[in-house]
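To start, the structure itself, in structure tokens.
In this text, all values refer to a predicted model and were calculated from it rather than measured experimentally. Only this structure's heavy atoms are used, side chains among them; waters, hydrogens and symmetry mates stay out.
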Amino acid sequence: MGKDSSRGMDLILWRHAEAFEHPDPESGRPGDEADLRRKLTHKGEKQAARMAVWLDRQLPDAARVLCSPATRCEQTAMALGRKLRFREELLPESDPQGLLELVQWPQGRSPVVLVGHQPTLGQVVARLLGLEDGQCAIRKGALWWLRHREREGRGQTVLVTVQSPELM
């Protein structure tokens, strides 16, 4: 992997680390104000820190980091120690196609890290890898690194790596 970004577009999907549960589990909804304020647990902070150390070694300097405005995503992304931009398109229950348009997949040239939520990130993975049921489970704090490349005149999506904080 390393820091070579000349192979096509890289898209890194990083699910926020473990966070406290919604304070109102019966009537609260994904993306409501209380949900967006949820913070990482102590375990989640450790997950984010472990993943960030690994990711920082792999990412080229030109990589963009886009983050959901949810507190748990911000805390996860901040562990990376890079400039980040908050994007409403990454809020819970976002449209997977909207995320792909946001990053200009597959025409974009600079690597992009998206820090966000399930099920949206898993739906992006499923779409890009052609998974039949349209869903893919992504563990809290884990990341999926995908690359677009051209082979024999055809575009391909390659799974570069899947990393989980438990294995760091």
Side-chain angles (χ1 to χ4, degrees), residues 1 5 7-19 22 29-32 35-36 38 40 44 47-48 50-52 54-56 58-60 62-80 82-151 154-168:
M1 218 166 356
S5 62
R7 291 174 254 191
M9 182 174 185
D10 283 3
L11 179 61
I12 299 95
L13 304 168
W14 189 7
R15 184 178 179 192
H16 66 78
E18 182 183 275
H22 195 291
R29 297 183 39 225
D32 68 17
D35 178 56
L36 296 180
R38 294 190 305 138
L40 295 182
Q47 289 173 332
R50 282 195 301 269
M51 190 60 69
W54 178 87
L55 183 56
D56 190 52
Q58 311 306 319
L59 277 179
R64 295 183 298 143
V65 180
L66 305 179
C67 182
S68 164
T71 300
R72 60 194 180 276
C73 291
E74 177 182 5
Q75 289 179 295
T76 299
M78 292 296 286
L80 190 56
R82 295 189 182 211
K83 180 181 174 190
L84 61 97
R85 291 185 59 207
F86 296 105
R87 296 300 304 236
E88 300 286 318
E89 295 93 337
L90 284 158
L91 284 167
E93 309 283 313
S94 296
D95 173 40
Q97 185 59 39
L99 291 185
L100 293 172
E101 291 169 8
L102 172 68
V103 301
Q104 300 174 333
W105 178 271
Q107 293 81 20
R109 285 290 157 218
S110 63
V112 179
V113 179
L114 297 180
V115 183
H117 309 271
Q118 274 294 87
T120 306
L121 295 181
Q123 292 166 344
V124 170
V125 168
R127 181 173 295 198
L128 296 181
L129 296 180
L131 303 179
E132 285 191 27
D133 68 358
Q135 301 287 330
C136 179
I138 297 179
R139 294 178 61 94
K140 290 177 182 167
L143 67 79
W144 287 57
W145 191 314
L146 304 164
R147 176 172 295 143
H148 182 267
R149 69 179 185 186
E150 296 290 327
R151 288 290 185 265
R154 294 180 41 165
Q156 296 179 335
T157 299
V158 177
L159 178 59
V160 176
T161 190
V162 175
Q163 297 292 338
S164 176
E166 289 79 19
L167 300 177
M168 295 277 132

Nearest non-hydrogen partners of [X] and [Y], listed with the distance:
X: R38; Y: D35; answer: NE-OD1, 2.9 Å
X: C73; Y: H16; answer: SG-CB, 3.8 Å
X: E150; Y: G155; answer: OE1-N, 3.6 Å
X: L121; Y: G116; answer: CD1-C, 3.6 Å

My understanding is that only residues two or more places apart in sequence, or in another chain, count here; which of them pass side-chain hydrogen bond (donor to acceptor under 3.5 Å, both in side chains) with E18? T41
Please lay out, stage by stage, how L13 and L146 fare under the test side-chain contact (heavy atoms from CB on, under 4.5 Å). CA-CA 8 Å; L13 304 168; L146 304 164; 4.1 Å; yes
In the structure I gave you, are the side-chain heavy atoms of V112 and M9 within less than 4.5 Å of one another anywhere? yes
Can you confirm whether L11 sits close enough to P111 that some side-chain heavy atom of one is under 4.5 Å from a side-chain heavy atom of the other? no
Spell out, as yes or no, whether a donor-acceptor pair under 3.5 Å connects the side chain of [X] to the backbone of [Y].
X: R15; Y: A142; answer: no
X: R50; Y: P165; answer: yes
X: T76; Y: A17; answer: yes

Non-neighbouring partners of R139 that pass salt bridge (Lys or Arg N to Asp or Glu O under 4.0 Å), sequence neighbours left out: E166
I need the full list of salt bridge (charged side-chain N to carboxylate O under 4.0 Å, His left out) pairs touching residues 118-127, with sequence neighbours left out, sorted by first then second residue. none
Please list, chain by chain and in numerical order, all residues satisfying ring-ring contact (aromatic ring centres under 6.0 Å, His included) with W144, sequence neighbours excluded. none
For residues 113-122, the side-chain hydrogen bond (donor to acceptor under 3.5 Å, both in side chains) pairs (sequence neighbours left out) are S68-H117, R72-H117
Pairs where residues 86-96 contributes a residue and the test side-chain hydrogen bond (donor to acceptor under 3.5 Å, both in side chains) is met, not counting sequence neighbours: R87-E89
Measure the [atom1]-[atom2] distance between [X] and [Y] for me, rounded to the nearest 0.5 Å.
X: W14; Y: C67; atom1: CH2; atom2: SG; answer: 9.0 Å
X: L159; Y: L128; atom1: CG; atom2: CG; answer: 10.5 Å
X: L143; Y: Q163; atom1: CG; atom2: CD; answer: 6.5 Å
X: Q97; Y: L102; atom1: CD; atom2: CG; answer: 11.5 Å
X: D133; Y: Q135; atom1: CG; atom2: CD; answer: 6.0 Å
X: R109; Y: D10; atom1: CZ; atom2: CG; answer: 10.5 Å

Set out, in order, the CA-CA distance, both residues' side-chain angles and the distance that settles side-chain contact (heavy atoms from CB on, under 4.5 Å) for V158 and W145, then state yes or no. CA-CA 9 Å; V158 177; W145 191 314; over 6 Å; no
CE of M168: more than 12 outside heavy atoms within 6.0 angstrom? yes
Go through the steps to decide whether F86 and L91 satisfy the test side-chain contact (heavy atoms from CB on, under 4.5 Å), and finish with yes or no. CA-CA 10 Å; F86 296 105; L91 284 167; over 6 Å; no
Starting from the C-alpha separation in whole Å, work towards a yes-or-no answer on side-chain contact (heavy atoms from CB on, under 4.5 Å) for L84 and L66. CA-CA 6 Å; L84 61 97; L66 305 179; over 6 Å; no
Is the shortest distance from a Lys or Arg side-chain nitrogen in R29 or D32 to a carboxylate oxygen in the other one below 4.0 Å? no
D56 and R82 ion-paired at < 4.0 Å: yes
Whether the R149 and Q156 side chains hold a donor-acceptor pair (N or O, under 3.5 Å, no angle test) is what I'd like checked. yes
Only one of L90, V65, I12, V124 passes side chain to side chain contact (heavy atoms under 4.5 Å, CB included) with L114; say which it is. L90
